[in-house]
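Working notes, structure below.
Numbered from 1 within each chain, the chains take letters A, B, ... in sequence-line order. Just the heavy atoms: all of them, side chains too, but no hydrogens, waters or symmetry mates, feed the values below.
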Number of protein chains: 2
Amino acid sequence: MDEGVRWLSAQEQQWWRAYLRATRELDLALDRDLQCLGLSLSEYELLSMLSEAEGARLRMSALAALIVQSRSRVTHTAARLERRGWVRRSPAPDDGRGVLLELTEQGRDALEGFAVAHVASVRRHLVDVLTPQQLRGLGEAMQAVRDAYAQDPTTPAEPAGPC
Amino acid sequence: MDEGVRWLSAQEQQWWRAYLRATRELDLALDRDLQCLGLSLSEYELLSMLSEAEGARLRMSALAALIVQSRSRVTHTAARLERRGWVRRSPAPDDGRGVLLELTEQGRDALEGFAVAHVASVRRHLVDVLTPQQLRGLGEAMQAVRDAYAQDPTTPAEPAGPC
DNA sequence: CGTGCATAGTTGAAGCGTCAACTAGACCCC
DNA sequence: GGGGTCTAGTTGACGCTTCAACTATGCACG
């Protein structure tokens, strides 16, 4: 039965499960550590990408692509952060449709505190629990996954669902 | 400024980011592939763990621990699956507080189809895009993360938030 | 045996993410 | 230069997840 299906070998399955569970645990732990300070991980990522950008500002869609979130989600998240005064919208000068999101001074100040907590969290739950070789192996595998994902023709990232 | 903080090296940051983005992309891709069939990845995980259990039944809390979800979330998810007839509740014989969740025949049938699609998805987006060595490196690193997480005293998994 | 505390699971409200529909500006091209 | 189409972003409704509060049972200790 089901002859055509290439199931995973026991070893492959073990690694796949380790990946699946560990990512859930990591996400939980990292988010919990930031949540204590009143910020979610995805909000942190948004602020953090802005802070590294040229002029601390980015187009909404560029931001969405960077942090791998839907444009809609970025709109909502940005609205929340804007209410807190950490981020500001302005029209894009070169494209009437576009919106630039900019980190405010207040936002930069807040981010400093978050960054300290976050890097400690990343170390505690990931970087410092691995040997340098393990971290390298992880990083290289994940980069390969990204490269494949970027190539994949059925990676619409947004538009027409492929159902 | 911020002398006490051990920031990540450029290399460490690169690997950390590769991990962070790739997990988001993978989650998206795997969930999308299942979503087309009308099931979410976390629902799949629940059904799949039940199917592998002794007698295709598990205690709610055991299930929650296995798939790394909160007990509350498992309650809600199980309710959804129960409405679809794929899962059934019964009181635990040995503990008056406990509840056993059991895969129904209908559930097992449905799961077969989902499993075929899911394994193809896992291969396409993860297993088959990596060399065996890369997959092994990934698996071992993630297992190390899990081990560290299990050891960590501030891993309440549920109770009193450590804020 | 009964008081106190821990554990198992549920519940409902609030918040976040997704999805489809929508507005508006750009681009193409005859 | 006015359709047709594509891209950028927003909106609101719906659904899932989280969180805190709650019920009920087990367990320890006097």
NA contact type, B:Thr75, heavy-atom cut-off 4.0 Å: base, sugar-phosphate, or nothing?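 Result for B:Thr75 = base.
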
I'd like to know if the side chain of A:Gln35 and the backbone of A:Arg32 have a donor-acceptor N/O pair within less than 3.5 Å. no

Protein heavy-atom contacts under 4.0 Å, written 5' to 3' over nucleotides 17-28 of chain D as B (base), S (sugar-phosphate only) or - (none), form the string SBB-----BS--

Rounded to whole Å, please give me the gap between [atom1] in [X] and [atom2] in [N].
X	N	atom1	atom2	result
B:Leu39	D:dG15	CG	C1'	15 Å
A:Glu45	C:dC16	CD	P	16 Å
B:Arg84	D:dG15	CZ	C1'	13 Å
A:Met60	C:dA24	CE	P	18 Å
A:Leu41	C:dG17	CG	P	10 Å
A:Leu63	D:dA8	CG	C1'	14 Å
A:Asp31	C:dG15	CG	C1'	13 Å
A:Arg59	D:dT10	CZ	P	11 Å

Can a salt bridge be assigned to the pair [X] and [Y] using a cut-off of 4.0 Å between side-chain N and carboxylate O?
X	Y	result
B:Glu54	B:Arg59	no
A:Arg88	A:Glu82	no
A:Arg89	A:Glu102	no
A:Arg21	A:Glu25	no

Under-4.0 Å side-chain N/O to phosphate OP1/OP2 contact, B:Ser61 with C:dT7: no

Test side chain to side chain contact (heavy atoms under 4.5 Å, CB included) applied to B:Asp33 and B:His118, step by step: CA-CA 7 Å; B:Asp33 289 349; B:His118 180 61; over 6 Å; no

